[in-house]
Structure formats: structure tokens, C-alpha cells
Amino acid sequence: MIILFWILTAAFIVIDRLTKAVAESNIKGSEIIRVLTAGDTDILAFSLHKNTGAAFSSFMGKTVALAIVTAVALVLITIYFHRQKHKHPLMTVSYAMIVGGGIGNLIDRVFQGYVTDFIRLFPFDFIFNFADICVVIGAILLMIYYIFIDEKYMKKAAPENGSEVKNDK
């Protein structure tokens, strides 16, 4: 599962970088590209936004602090994942999405000083990117894993009848 984790993490980073590059090269200035509308309401649209903050534009202008906190969190999350003895596929995908999305936005913060957001989805009044989607979906899947699967999976993966050899000497 470690190899799957790193392959997926790399794939999420590459997709994030590619989608941001496509957005930056095809969306000009304050242009809004309407993809799906219902009457006068945009359901899905693309427009560029340079976000120097975090989610919902919180912590605006705190790019260095956000980069440091993100880097530390990503290292800790990765270490925690690697230390898990039994890795369920859903756990692996969840952690890969969170780490891949985190790294995607961290790359923006470090090299641009802001995160490139470009996806607008009705009815939400905010703009986001593929990395954000990865982090949110990864977190939701991780909650599902820990609430519904973890305990059952760990019992199944544990040796039966306490067959672990204990050395009392």
C-alpha cells in the first residue's frame, strides 16, 4: 500500500499542476468561463483567483505561515500513515488525496506566493482548485474509513486467538 500511496499522491499533484496550468493559460484577467448555467445562474464556471489565504480566503496575506503549517502537517500526516501497520485501500487513497492536494497548494504558496483557484460551483460563494477537492474528499473518505471500517478491518487483520508470541523473559 505504500507504493500505491506514493503513486496516487504523485498523480494528484500532477493533475493539480496541470489543471492550474491550463486555467492560467486559458483564462484571462477577470474573465469568467461559464460551463454550465441554469437561466442566469452559473452552476459551474471557471475564473482565476490568486488566493493568498487559506480555505474561504481566511488568513489572507499569511502565505509564509500557511506554507510552514502546511509543510509540517503534511510531514506529520505522511509519517502517521507510514506507521500504520495495516493499511486498508480506502485509508491509503484518503491519505494520498490529502497529501497530494496539500502538496499541490504548497507548491503554489512557495513558488508563487499565492494559491491559484479557478473553479466556481453554484451555490457556493467561493472559488477552489483540484488540490482543494482532493483534500476535502480525502478528509471525508478518511472519516468514513475511521467511523465505519477501521475497527472491523483491524480485528480482521489481527492474529486470531491471541497467537502472538510473547516473551516474558
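Quantities reported herein were computed from a predicted structural model and do not represent experimental measurements.
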Residues Asn129, Phe118; criterion side-chain contact (heavy atoms from CB on, under 4.5 Å); working and verdict: CA-CA 6 Å; Asn129 59 47; Phe118 61 93; 3.8 Å; yes
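- A heavy-atom distance below 4.5 Å is found between the side chains of Asp108 and Arg17.
- Here the closest heavy-atom approach between residue Gly101 and residue Ala131 is recorded as O-CB, 3.2 Å.
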Decide side-chain contact (heavy atoms from CB on, under 4.5 Å) for Lys20 and Asn105; before the verdict, give the C-alpha distance in whole Å, the side-chain angles of both, and the deciding distance to 0.1 Å. CA-CA 10 Å; Lys20 288 173 180 173; Asn105 281 341; 3.0 Å; yes
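- Note on Leu4 and Ile15: same hydrophobic cluster, where clusters join Ile, Leu, Val, Met, Phe, Trp and Tyr whose side-chain heavy atoms are under 4.5 Å apart, directly or indirectly.
- The closest side-chain heavy-atom distance from Phe12 to Leu8 is below 4.5 Å.
- The minimum heavy-atom distance linking Thr63 with Gly113 is given by the pair OG1-O, 3.1 Å.
- One finds the CD1 atom of Ile103 at 11.0 Å from the SG atom of Cys134 (value rounded to the nearest 0.5 Å).
- Minimum heavy-atom separation, Leu74 to Gly102: CD1-C, 3.6 Å.
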Between Phe5 and Val99, is the side-chain contact (heavy atoms from CB on, under 4.5 Å) condition met? List the steps. CA-CA 9 Å; Phe5 169 82; Val99 172; 4.0 Å; yes
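- Transitive grouping of hydrophobic side chains (ILVMFWY, heavy atoms separated by less than 4.5 Å) keeps Val22 and Leu121 in distinct clusters.
- Residue Ile68 holds its CD1 atom at 10.5 Å from CG of Leu106, rounded to the nearest 0.5 Å.
- In this structure the side chain of Glu31 never reaches within 4.5 angstrom of the side chain of Phe46, judged on heavy atoms.
- Heavy atoms only, all atoms of each residue included: Ser47 and Ile127 are closest at O-CD1, 2.9 Å.
- By the 4.5 Å heavy-atom criterion applied to side chains, Ile107 and Asp16 are not counted as neighbours.
- The same ILVMFWY cluster, assembled from side-chain heavy atoms under 4.5 Å apart, contains both Phe130 and Ile33.
- To the nearest 0.5 Å, atoms OG1 (Thr116) and CZ (Phe128) are separated by 15.0 Å.
- With Asp117 contributing its side chain and His49 its backbone, the two residues share no donor-acceptor pair below 3.5 Å.
- Once rounded to the nearest 0.5 Å, the distance linking CE of Met91 with CD1 of Ile149 reads 10.0 Å.
- Crowding of Leu76 atom CG: a count of heavy atoms from other residues, nucleotides or ligands under 6.0 Å exceeding 12.
- Because its NZ or CZ atom is both nearer than 6.0 Å to the ring centre of Phe81 and within 45° of the ring axis, Lys87 counts as a cation-pi partner of that residue.
- The shortest non-hydrogen separation linking Arg109 to Thr70 is NE-OG1, 4.4 Å.
- Distance check: Thr19 OG1 to Ile119 CD1 gives 6.5 Å after rounding to the nearest 0.5 Å.
- Under the 4.5 Å side-chain heavy-atom criterion for grouping Ile, Leu, Val, Met, Phe, Trp and Tyr, Ile2 is connected to Tyr145 within one hydrophobic cluster.
- Within the 4.5 Å cutoff, the side chain of Phe122 has no heavy atoms near those of the Asp42 side chain.
- Under the 4.5 Å side-chain criterion, counting only non-hydrogen atoms from C-beta, Trp6 is in contact with Thr78.
- Note that CD1 of Ile98 is 11.0 Å distant from CD1 of Ile137, once rounded to the nearest 0.5 Å.
- Residues Glu24 and Leu48 come closest through the heavy atom pair CA-CD1, 4.0 Å.
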